[in-house]
Amino acid sequence: MKLKVKDVEFSYGSVQVLKDVSIELAASEMLSVVGPNGAGKSTLLRCIDRILKPQRGDILLDGRDIKEMHLMELARKVGYIPQSSAQVFPATVFDTVLMGRRPHLGWKSSEEDTEKVLETLQLLDIEDLAMRDINELSGGQQQKVFIARALTQEPEVLLLDEPTSNLDIRHQLEVMDIIKNIVREKGIAAIMAIHDLNLASRYAGRIIMMNGGKIFAAGNPASVLTPENIKHVYGVEVKVNNHDERPYIVPIRPVRQCGDRAESIERN
Amino acid sequence: MTSSGETISGTGKSAEIKAEYKKFVGRKILFILFSLALIFIIAGVAATLGSANITFLETYSTILHRFFPDHFHTRWLADVVIWNLRLPRILMGILAGIGLAVAGTMMQGILRNPLASPFTLGISAGAGFGAALAITFSAGFIAGEYLIIGNAFFFALIPTFIILGLTRYRRATPETMVLAGIAMLYIFGAATTLIEYFAEAEAVKMAVFWMVGSLGRALWKDLLPVSIVLAVCVPLLMWKSWDVNVMGAGDETAKSLGVNVERTRIFILMIATLLTAGIISFVGTIGFIGLVAPHMCRMVIGGDNRFLIPASGLFGAALLLGADTVARTIIAPVILPVGVLTAFMGGPMFLYLIIRRKRREYW
């Protein structure tokens, strides 16, 4: 097992955001994490990359506790792709992608690092953007640059925080295809927080549905994305069609919610 | 992945990007050399200007005479004027320009804030308060010269210590630090006003002039401590330039790339504060250089701090030296404090650049 998340709990102050979250992930596997706003999806990703430190529980990478790893060592193994850019000052796409080499290089970048950057730019088909400023790019282009940065990091685990949230449908598909191919070809394990249930259904091998900081359901798309689960977790009545052997969700209307939303009615 | 490096570099597009990137790096280096040349030219011009008539060539001849007395000749007057009066002032201008610009670059970098500078973080306000305290409550200005420098230095460090103290309770985010800095600015500003309110008129005038900043007080013996501060702080900041680049992409990204974001931010703030304090305690709170020099350089060479630090340091030095030269000559024989000129010249120049720039703004 590549990545093992064991009974993780995390609180911001007195507000508990993650409760008893356990996940296992193998290499070349793509896991989607879905759930309503505030369910703890992003927090979970941040805990796995030690951007946040969980108060309880362990996260193991190849059997080693990430708490005991050096920051740089962890950075060589886990890549994180943020939702949007926080870049204020000018930076070229080339230099942005070169940042991915930070965990591998000293003060000066080498010829090898340059080659790695060029290789990744080519892989994502964004060579034409190389000398452009990152702030001049569209959301879709930026997202590809962030993916390129994470890939030059050469990670074994890739964490994506809503990679498609700002993209038009063409870019959504492009970005998801890129991620899918990378996961398969490079044997990377990917965890993706995602809002779009249909994208999750279409691309993920496995889906975890979170609610109120807990894992509500986990399994293949068909077993997780059921009308009952979605109604319980999101409070939305949906119709689930079958499209190419995958569930396709058509929302109908929001419904009044009753009972404890966080209550788990099934696991797997 | 490693073996494909050969084939990739062979393809046309990659080679093109590589060439373009090399050109980009070349442009950055060219700009650094240009700034360096600018310093030498302005320094030469500055040394010729003044009531004693000394030509540009004679200036350099006089300077080189001390090193190679057999090859270069000089007059006694030129020697005294250049070495005792003009050179310390010029060298202090260069050192102060480098230090203030480098400190400003790094403060903007770690706080991801284009408005960050020694002013907005309260460092200047602290120094001003320290100086006002020394000027008002000590016997005489001349006897108390080191008292003022020491006091200004000490109080310049205090706002940063308070900000860092706060980060024990709040995480060291850019927002926390900038807001805390603004609070320091107001607190020390008010404290200075309070002192001045009850002080003698002459002391108030002196304190006000001190705060405007001037290179006129520079002496040879002051250059040594300022040089030492620079020699220690600038390389330390250069060393962290990669990490600051990465932090520019956001705290989360920087953390995922292995940078200890909060510790780096605190470390750089401490070094940049030390650098600023070491300078402004001698020359007063010269404004604007720390704010505009980094911006001007970013417009030309981009945001990579590995190049930006030397570029804005040298360009800042040229800027300050230029401003001081104008300050000395514009209404000669009256010499204006350079701090007035940096703002008067830098302000419109800055506005012009903001308007003219075609690229998308970053604030």
Side-chain angles (χ1 to χ4, degrees), chain A residues 45-46 49-52 70-76 78-92 94-96 98-109 111-112 114-119 121-122 127-128 130-131 133-136 146 149-150 153-155 159 161 186, chain B residues 1-2 4-9 11-18 20-24 105 108-109 111-114 174 238-261 263 294-295 298-299 301-306 308 359-363:
Chain A
L45 295 188
R46 287 173 196 166
D49 205 10
R50 233 170 84 184
I51 293 169
L52 299 173
H70 189 263
L71 281 176
M72 283 295 175
E73 191 189 353
L74 185 65
R76 284 191 287 268
V78 181
Y80 172 84
I81 297 171
Q83 235 182 87
S84 58
S85 167
Q87 189 79 40
V88 176
F89 295 119
T92 61
F94 192 97
D95 282 329
T96 303
L98 187 61
M99 283 179 197
R101 299 303 299 165
R102 175 70 187 99
H104 299 272
L105 50 72
W107 193 80
K108 203 174 176 307
S109 54
E111 190 66 16
E112 191 198 339
T114 309
E115 294 296 343
K116 292 241 158 76
V117 172
L118 291 170
E119 206 175 304
L121 291 176
Q122 195 181 37
E127 287 168 301
D128 291 335
M131 298 313 291
D133 194 290
I134 179 97
N135 289 322
E136 291 173 358
F146 297 151
R149 178 173 59 200
Q153 213 172 328
E154 301 183 317
L159 307 169
D161 195 357
K186 299 198 186 273
Chain B
M1 197 143 173
T2 40
S4 56
E6 290 296 324
T7 54
I8 296 288
S9 60
T11 67
K13 201 156 239 176
S14 292
E16 211 176 283
I17 296 172
K18 246 162 102 173
E20 221 178 314
Y21 190 70
K22 279 218 176 81
K23 222 169 84 188
F24 185 44
T105 306
Q108 288 165 10
L111 300 175
R112 282 196 298 278
N113 192 320
M238 283 288 287
W239 171 55
K240 286 285 179 192
S241 53
W242 245 110
D243 287 352
V244 178
N245 281 355
V246 174
M247 282 165 69
D251 280 12
E252 287 175 0
T253 303
K255 279 183 187 175
S256 83
L257 289 170
V259 176
N260 191 331
V261 170
R263 200 190 295 170
H295 286 308
R298 266 194 213 98
M299 289 173 195
I301 67 163
D304 186 343
N305 289 293
R306 288 174 301 169
L308 191 62
R359 282 204 280 161
R360 195 191 283 193
E361 314 305 322
Y362 49 83
W363 66 80

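Residue numbers begin at 1 in each chain, while the letters A, B, ... track the order of the sequences.
Looking at Pro103(A), the atoms closer than 4.5 Å to chain B (heavy atoms on both sides) sit in the backbone and in the side chain alike. At a 4.5 Å heavy-atom cutoff, the contact between Arg46(A) and chain B is made by side-chain atoms alone. Using a 4.5 Å cut-off between heavy atoms, Ile51(A) contacts chain B through both its backbone and its side chain. For a residue to count as touching a neighbouring chain, one of its non-hydrogen atoms must lie under 4.5 Å from one of that chain's; by this rule Arg149(A) touches chain B with the side chain only. Only the backbone of Asn113(B) has a heavy atom closer than 4.5 Å to any heavy atom of chain A.
By the 4.0 Å N-to-carboxylate-O rule, Lys18(B) lies close enough to Glu111(A) to be salt-bridged with it. In summary, Lys186(A) and Glu154(A) do not engage in a salt bridge, as defined by a charged side-chain N under 4.0 Å from a carboxylate O.
Between chain A and the options Gly250(B), Ala254(B), Gly303(B), the largest number of non-hydrogen pairs under 4.5 Å is found for Gly303(B).
Remark: the Asp304(B) side chain and the Asn245(B) side chain contain an N/O donor-acceptor pair separated by less than 3.5 Å.
Checked options Asp95(A), Thr114(A), Thr92(A); the residue passing with Tyr21(B) is Asp95(A) (criterion: side chain to side chain donor-acceptor pair (under 3.5 Å)).
Cation-pi geometry between Arg298(B) and Phe89(A) is met: under 6.0 angstrom from the ring centre, within 45 degrees of the axis.
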